Novice: 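Before I ask anything, let me first share the structure, which is written out below as structure tokens.
Owing to the predicted nature of the structure, the values given are computational and were not obtained by experimental measurement. Letters go in sequence order (proteins before strands), and every chain restarts at 1.
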Number of protein chains: 2
Amino acid sequence: MIRRALFYGLLLSILLAGLKLVQYYFFSYRIELEFYIGIIAILFLVIGVWAGSKWINSQSPILESLDSITINANELLSEREMDVLAGIARGQSNQEIADCLFVSLNTVKTHISNIYMKLNVSRRTQALAKARKMNLITEKA
Amino acid sequence: MIRRALFYGLLLSILLAGLKLVQYYFFSYRIELEFYIGIIAILFLVIGVWAGSKWINSQSPILESLDSITINANELLSEREMDVLAGIARGQSNQEIADCLFVSLNTVKTHISNIYMKLNVSRRTQALAKARKMNLITEKA
DNA sequence: ATGTAAATCATACTTTCGGGTGAGCTGCTT
DNA sequence: AAGCAGCTCACCCGAAAGTATGATTTACAT
């Protein structure tokens with residue numbers, strides 16, 4: 001969570017710094033300000049779309065609600081396991097979940113194994129069925 | 001698709017125009033340029049995330065039509081395909097579904113492939129997520 | 001009749017999943 | 001300090017799932 005926020009914050013800072021450099025050394029005296037701002041706006045719009053696409057399947061509660069899947073807090077599964085379960089519920093592959101959570105495929109597998117143990121199942125679809133019965137997963141209205 | 005692109009293009013244009021106005025009439029002489037650009041960058045980043053999320057969630061033509069048109073769910077998937085989909089939703093393996101329906105494993109695979117084609121997905125968990133969104137699958141007491 | 005869609009089954013191949021095991025690191029508790 | 005739970009990652013192997021293609025049969029509509 002925090003690591004991801006820091007990562008993108010850093011990325012944003014770097015981009016801003018880069019833009020400032022570009023501005024001072026190359027463009028400021030040759031391109032009009034409106035055009036320059038337009039480029040920045042479009043650039044960050046694209047970045048935003050990219051980040052949004054990448055995050056839409058991640059575990060943030062806000063984005064989760066956009067995906068109409070809600071993971072309910074529970075004592076049984078740990079936070080990370082809930083994240084993984086949400087990915088499964090969204091239909092993501094293990095690799096996709098790993099990419100979203102910024103961990104390795106093996107880590108996701110381990111979490112999933114633990115989920116299966118805790119839910120007493122042996123397949124992701126079984127885990128989904130059981131999790132829904134237990135109200136761990138609910139559909140957003 | 002095209003309509004959506006036009007919509008967001010228009011939105012972008014309006015926002016750019018608005019920013020230009022703001023720039024000329026309020027901020028240009030009071031706030032430093034770097035700060036101003038940073039605000040724009042963040043603003044469009046947020047817009048991008050929002051738009052990206054929205055876009056991702058309405059990728060499917062089927063889901064789009066659900067917004068305005070009432071679709072008879074039974075039209076899309078055949079009876080047998082619904083049987084198989086139910087098995088998937090129950091968490092059954094392909095072999096278990098085959099046993100339940102008294103058909104071969106290959107037949108189940110074929111049905112599943114057809115389901116994936118019709119739902120435009122490539123994994124059973126994706127099929128579940130999509131089918132739930134389309135209300136092909138609903139929870140019962 | 002001819003075509004279309006559904007259902008059935010098959011073979012061959014690739015990718016993904018899941019099980020088992022081990023291990024290092026962190027943070028909290030006793 | 002020691003123990004424990006959670007998170008991370010790795011490797012191996014077999015099973016399940018998915019892809020691609022082709023084929024037969026039935027039923028229904030043009």
Novice: Could you state the CG-C1' distance from B:L105 to C:dT8, rounded to the nearest angstrom?
Specialist: 13 Å

Novice: Measure the distance from CD on A:Q126 to C1' on C:dG19 and round it to the nearest whole Å.
Specialist: 14 Å

Novice: So which atom in B:I97 and which in B:I88 form the shortest heavy-atom distance, rounded to 0.1 Å?
Specialist: CD1-N, 3.7 Å

Novice: Phosphate oxygens OP1/OP2 of D:dC9: is one of them under 4.0 Å from a side-chain N or O of A:N106?
Specialist: no

Novice: Mind calculating the distance between CG (A:L77) and P (D:dA5) to the nearest angstrom?
Specialist: 16 Å

Novice: Checking side-chain contact (heavy atoms from CB on, under 4.5 Å) between A:V84 and each of A:V103, A:I115, A:N114, which is the one that passes?
Specialist: A:I115

Novice: Contact class for A:S93 vs. all strands (heavy atom < 4.0 Å): base, sugar-phosphate, or nothing?
Specialist: sugar-phosphate

Novice: Under 4.0 Å: is that the gap between some side-chain N or O of A:S122 and OP1 or OP2 of C:dG18?
Specialist: no

Novice: Could you tell me whether the phosphate oxygens of C:dT16, OP1 or OP2, come under 4.0 Å of any side-chain nitrogen or oxygen in A:N94?
Specialist: no

Novice: Distance check needed: C:dT8 C1' versus B:D83 CG, whole Å only.
Specialist: 14 Å

Novice: According to a strict under-4.0 Å criterion, is A:Y116 in side-chain N/O contact with OP1 or OP2 of C:dG18?
Specialist: yes

Novice: Could you state the NE2-P distance from A:H111 to D:dA5, rounded to the nearest angstrom?
Specialist: 16 Å

Novice: For C:dC17 and A:R124 - does any side-chain N or O of the residue sit under 4.0 Å from the phosphate oxygens OP1/OP2?
Specialist: yes

Novice: Any idea which of D:dT19, D:dG6, C:dT8 is nearest the B:K109 side chain?
Specialist: D:dT19

Novice: Would you indicate what A:T110 reaches in the nucleic acid, counting non-hydrogen atoms under 4.0 angstrom: base, sugar-phosphate, or nothing?
Specialist: base

Novice: Tell me whether B:E81 is salt-bridged to B:K118, with the criterion being a basic N under 4.0 Å from an acidic carboxylate O.
Specialist: yes

Novice: Nearest-Å distance, CD1 (B:I112) to C1' (C:dT16)?
Specialist: 14 Å

Novice: Choosing from C:dA6, C:dT8, D:dC7, which nucleotide comes nearest the side chain of A:S78?
Specialist: D:dC7

Novice: Just how far, in rounded Å, is P of C:dT16 from CD1 of A:I88?
Specialist: 16 Å

Novice: Would you say C:dC9 has OP1 or OP2 under 4.0 Å from some side-chain N or O of B:S104?
Specialist: yes

Novice: Please report, rounded to the nearest Å, how far the P atom of C:dA6 is from the CG atom of B:N114.
Specialist: 8 Å

Novice: Is there a donor-acceptor pair under 3.5 Å between the side chain of A:Y116 and the backbone N or O of A:R124?
Specialist: yes

Novice: Hey, which sits more toward the 5' end of DNA chain C by its nearest nucleotide, B:R80 or B:T125?
Specialist: B:R80

Novice: What is the minimum heavy-atom distance between B:G91 and A:Q126, and which atoms define it?
Specialist: O-CG, 3.1 Å

Novice: Does D:dA17 have its OP1 or OP2 closer than 4.0 Å to a side-chain nitrogen or oxygen of B:R123?
Specialist: no

